[in-house]
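One structure is given here, and the rest of the page talks about it.
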Amino acid sequence: MEKLTIDYHNALEFKNELNRFFNKRVYLLFWVGFILFPTFLILDYFVVNEYFQSFFVYRAVVSCSLLCLLFVHKKEYGRNHPFLISIAGYICCGTAISIMVVQTGGYDSFYYVGLICIVVAFSSILPLNFYQSIGSGILMYLIYVLPVLFFNEPETQSRLLFFNNNFFFLFFFIVSVVKSHEDYKSREKEFMLRKDLDYYAANLEKEVKIRIKRNEESELRYKELYENIIDSLVLIDSNGIILIANPNFYKLIKDEKAAGKRLSLMEFIHPKDLENVNNLMLDQLFRRVEIRDFQFRVINSQNEIIDMECSAKALQKSGDSIGYQLVLRDISFKKRLENDLINSFDTLKNTRAATIMGLATLTEYRDKDTGFHLERIQKYSKVLTTELGNFTGFHDTINDEYVENIHLSSILHDIGKVGIPDSILLKPGRLTSGEFNIIKKHCKYGGDTLKAVESKIKGKSFLILGREIAYFHHEKWNGKGYPYGIKSDEIPLSARIVAVCDVYDALTSKRIYKEAYSHNTALEIIQSEREQHFDPDIVDAFSASSSQFDLIRKQF
């Protein structure tokens, strides 16, 4: 709304200014006409002497008319309507010349040039706009053409001359219109420029005061922000010398009297972090690389170690570095929380491992002949799973977490044997068919037990793999295993892995009823059961890592 008001006032002021200028130019135009119009009597006397007397009368009448119009122009009505007054004189002059044209032949009269002179003088002297220029030109053309057409009889040659005269008249008419239009636009543009200059000249001092006040307020706000921000802000030069630091930095180093002293940032860096700060942070920063979340330790004046996180960047002016700004944040509390969390996680992992080992050891208490069976199974499972993870098709399934979980849970494979009677579990000789059917039940006993425990735990539990292994580690790739007789990919991957490890350990371990096989013999037996008892990919992974199996076997 304010802009519209300003535009309206500017337009009104331009109109008033143009009106004043128009009045001055009308006054000048009439005096030019009053002097020049009678002067052309000299031309009349020498060129058309026979019309001299009548032309004298016409010119005298026009001159008197212009004097009368000058008188009217002095009045209020004339000053308020300068264009109408000027048109009246324009018509008066044009009519007189048109009469002379008719009397001197009309179609072939050379006096038409006088009409062109009037059009050019009118559009050159007065500040006409586009429409005024068009209208006045058309009016003069009609004043010229109509009397000629009505009062003269043309001949063939006269018509050609008339056409020629019209052509030149129209040419000058168009030139006059273009000139008037451009002059008007120039005046309008000049007016707006003057208004802008007047505004800036009138408001320059006020604007300067406003901007100074804004700068002072901005500087004050920045100073308050700089001094009260919770982080430590430090500005250093290319040698690491502290140029400026906010109060929080001096509180951090517990030496508030150090403000203003020439200190090096490196004085406060922990000795063990100096190399990293120099090579990984400052070297990058001095090459104008922005630093994000870089961590190091500082030592304050009371020898307290504080963990810091730093973000930094180079400050530039006209392409040159003028300093390096560091934003330092005390993360000691965060570090303590992280360490507590890591310790809690390690404790949880150890507790979980101890729990699993405790459950699995229940079976070994029954059968002392197994020796370090559980430790070997853990290590075999980890080696085999890691190797299998390198095979195409297992990248998405086997990750570090999966390897760790199978390493822990693999020892739960025989936990169900706690439900098997000693007379069968510890029998030194070959089992009968009925006794073997009872032994087979240890898979279901173990799986059901772990399933019951798992149901009491919210979320995803590490016992999932343990349950899978307990249930299915005696299933076979060809579907002839137990307890469910499932085959190939129906058997969980974890159970397929532990199956190979369990058989290898059984083959290479001494029992009451058999001697231990050599590593190579066990290797050949397992390879012969590829795609029968065992998953072919797992057998291939076992073959690739068999030397590690042999090493683990010898260690335990």
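Since we're looking at a predicted model, the values are computed, not measured. Computed from heavy atoms alone, side chains included, the values below leave out hydrogens, waters and symmetry copies. Residue numbers start at 1 and run along the sequence shown.
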Item to check | Nearest heavy atoms of L235 and Q325, plus distance in Å | outcome: CD1-N, 3.9 Å
Checklist outcome for this item: Correct closest heavy-atom pair for F21 and P127 would be CD2-CG, 3.4 Å
For residues 485-494, run the donor-acceptor check on the side chains, cut-off 3.5 Å, and write out each pair with its distance to 0.1 Å, sequence neighbours left out.
{"residue": "E490", "atom": "OE1", "partner": "K487", "partner atom": "N", "Å": "3.2"}
{"residue": "S494", "atom": "OG", "partner": "E468", "partner atom": "OE1", "Å": "2.9"}

Checklist entry - Got a sec, which residues hit ring-ring contact (aromatic ring centres under 6.0 Å, His included) with Y471, two or more places apart in sequence or on another chain? => result none
Checklist entry - Are there more than 12 heavy atoms of other residues, nucleotides or ligands under 6.0 Å from atom OH of Y517? => result no
Next on the checklist: Centre-to-centre under 6.0 Å for F549 and F542, is that the case here?
Outcome noted: yes
Item to check | R376 side chain vs F556 backbone, donor-acceptor pair below 3.5 Å | outcome: yes
Item to check | Residue list, side chain to side chain donor-acceptor pair (under 3.5 Å) with S528, at least two apart or on another chain | outcome: none
Checklist entry - With sequence neighbours left out, what residues match S311 under side chain to side chain donor-acceptor pair (under 3.5 Å)? => result none
Do [X] and [Y] have side-chain heavy atoms sitting under 4.5 Å apart?
X: K382; Y: V403; result: yes
X: H474; Y: H442; result: yes
X: F268; Y: M308; result: no
X: Y504; Y: H519; result: yes

Next on the checklist: Filter on ring pair (Phe, Tyr, Trp, His ring centres under 6.0 Å), then keep only pairs touching residues 278-321, sequence neighbours left out; what's left?
Outcome noted: F286-Y324
Checklist entry - D550 and R553: salt bridge (Lys or Arg N to Asp or Glu O under 4.0 Å), yes or no, with the steps? => result CA-CA 5 Å; D550 191 27; R553 180 184 63 82; 2.5 Å; yes
Next on the checklist: Holding to salt bridge (Lys or Arg N to Asp or Glu O under 4.0 Å), I want the full list of residues that pass it with D237, two or more places apart in sequence or in another chain.
Outcome noted: none
Checklist entry - Any side-chain donor paired with an acceptor under 3.5 Å for S543 and Q527? => result yes
